Amino acid sequence: METRPGTDRGAGYDPSVQGAPLEKASVVEDFIDIFYAPSRVFARREKSGFWTHLLIISAIAALFAFANRGVFDQIFDVEFQRGAAKAMEANPQITEDMLAQQRKISGAIAGFFQYIGVPLLVFVVSLLVWGFARVVSAKFSYGQAVMIMTLAYIPRLVQGLLATIQGLLTDTSTIGSMHSVGFSPARFMDPDTTNRALLGLMGRLDLFTLWTTVLIAIGIAVIGKVPRARAAIAAGLVWLLPTLFSLRS
């Protein structure tokens with residue numbers, strides 16, 4: 001079967017070979033090609049800036065956040081009440097008024113970060129990408145790490161779209177945790193009876209989290225010019241560090 005030119009399955013394609021011709025492409029094409037030819041996207045954007053892509057992603061993510069604000073508020077309330085119940089059990093001196101004040105402040109902060117969280121997340125995780133890439137001898141600038149993370153984040157826009165569709169078509173009153181609208185095994189677990197560490201681990205097996213991790217590995221391999229096995233180790237470490245935090249019980 002003939003392979004479509006420009007896809008990652010092209011025989012002998014190696015984006016790190018010097019002198020290999022790289023086609024010019026628009027930003028829109030990057031957003032399309034990242035789903036079926038990610039290596040070529042990373043190769044042609046190796047020396048490009050990341051701001052245009054990041055601004056587009058941030059704007060789209062903010063629109064999804066606005067559309068899903070009702071679901072977000074419900075998830076926040078459920079998670080806050082669960083945490084508040086445990087806090088009052090551990091410390092009977094905590095009053096309802098104290099919790100109400102904390103709920104107001106925490107809700108305002110969470111609502112604010114709901115809209116600006118994507119660029120902040122990209123910049124923070126890019127530090128991990130840059131640092132762990134050096135562990136496997138893949139050297140590139142922090143700006144290139146941001147480009148890798150920005151491109152790797154694109155599939156999460158699909159996640160935002162699916163979350164919006166869920167909010168429109170399903171009964172959101174049954175939401176029991178932040179995992180209830182996710183795409184991981186944790187979606188099917190009872191947050192009140194499941195071990196918190198296990199729930200956190202299953203939540204990290206989210207389809208789009210794993211997809212992003214795979215794209216990070218490809219980006220490290222292409223831009224850092226290292227074998228994909230070593231790039232996979234670096235990307236695995238990027239996935240592992242937040243996972244360890246999620247295992248706190």
Side-chain angles (χ1 to χ4, degrees), residues 3-64 116-161 208-239:
T3 303
R4 179 180 174 180
T7 65
D8 283 355
R9 293 190 295 274
Y13 171 65
D14 183 359
S16 67
V17 175
Q18 292 185 355
L22 296 176
E23 77 282 9
K24 293 183 178 180
S26 66
V27 172
V28 173
E29 288 176 287
D30 289 341
F31 276 72
I32 297 173
D33 294 352
I34 196 68
F35 290 96
Y36 71 89
S39 292
R40 188 165 292 276
V41 178
F42 285 116
R44 70 187 178 217
R45 294 301 178 188
E46 178 180 355
K47 300 184 184 304
S48 299
F50 57 82
W51 284 110
T52 300
H53 295 75
L54 183 57
L55 288 173
I56 293 173
I57 289 172
S58 299
I60 296 175
L63 289 175
F64 284 137
I116 67 166
V118 169
L120 291 179
L121 177 66
V122 168
F123 285 128
V124 171
V125 178
S126 294
L127 281 173
L128 301 181
V129 173
W130 177 78
F132 287 128
R134 296 181 71 86
V135 172
V136 298
S137 301
K139 296 182 179 180
F140 42 75
S141 68
Y142 173 71
Q144 288 175 305
V146 176
M147 172 54 78
I148 291 174
M149 185 59 205
T150 299
L151 294 173
Y153 196 90
I154 291 175
R156 284 195 174 274
L157 298 180
V158 177
Q159 182 182 19
L161 175 61
F208 291 95
T209 299
L210 297 177
W211 192 345
T212 298
T213 303
V214 170
L215 289 178
I216 290 173
I218 296 173
I220 292 174
V222 173
I223 296 181
K225 297 177 175 56
V226 295
R228 287 197 176 184
R230 284 158 60 182
I233 293 174
L237 292 172
V238 173
W239 175 87

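Side-chain atoms are counted along with the backbone in the values below, which use heavy atoms only and exclude waters and symmetry mates. From a predicted model like this one, the values you see are computed outputs, not experimental measurements.
Shown here for Trp130 and Tyr142, the closest heavy-atom pair between the two residues is CD1-N, 3.7 Å. The two residues Thr212 and Ala152 come nearest to each other via the heavy atoms OG1-O, 3.4 Å. In plain terms, the two heavy atoms of Pro38 and Leu215 that are nearest each other are CB-CD2, 3.6 Å. In terms of heavy atoms, Val41 sits closest to Ile34 at CG2-N, 3.7 Å. The minimum heavy-atom distance linking Ala61 with Val118 is given by the pair CB-CG2, 3.5 Å. Considering all non-hydrogen atoms of both residues, Ile220 and Ala235 come closest at CD1-N, 4.3 Å.
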- prompt: Please walk me through it: do Ile57 and Arg156 pass side-chain contact (heavy atoms from CB on, under 4.5 Å)?
  reply: CA-CA 9 Å; Ile57 289 172; Arg156 284 195 174 274; over 6 Å; no
message: As a quick check of understanding, evaluate side-chain contact (heavy atoms from CB on, under 4.5 Å) for Leu151 and Phe50, giving each step before the final call.
response: CA-CA 9 Å; Leu151 294 173; Phe50 57 82; over 6 Å; no
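The shortest side-chain heavy-atom distance between Glu46 and Lys225 falls under the 4.5 Å cut-off. Side-chain contact between Leu54 and Met147 is absent, with no heavy atoms from C-beta onward closer than 4.5 Å. You'll find the side chain of Leu210 reaches within 4.5 Å of the side chain of Trp239, heavy atoms only. Contact check for Met149 versus Val238: no side-chain heavy atoms found under the 4.5 Å cut-off.
The distance from the CG atom of Asp30 to the CZ atom of Arg45 is 4.0 Å, given to the nearest 0.5 Å. The distance from the CG atom of Leu120 to the OG atom of Ser58 is 9.0 Å, given to the nearest 0.5 Å. For the atom pair CG of Leu157 and CZ of Phe208, the computed distance is 10.0 Å after rounding to the nearest 0.5 Å. Taking CD from Gln144 and CD1 from Ile223, the interatomic distance works out to 5.5 Å, rounded to the nearest 0.5 Å.
Note: Phe35 and Trp211 have perpendicular aromatic rings, judged against thresholds of 30 and 60 degrees for the angle between ring planes.
Here the options are Val122, Val146, Ile216, the test is side-chain contact (heavy atoms from CB on, under 4.5 Å), and the partner is Val129; only Ile216 passes.
Legend: residues meeting side chain to side chain contact (heavy atoms under 4.5 Å, CB included) with Thr52, ordered by chain and number and at least two apart, are Val27, Ile56.
Using modelled atom types, one finds a donor on one side chain and an acceptor on the other under 3.5 Å when comparing Arg228 with Ser39.
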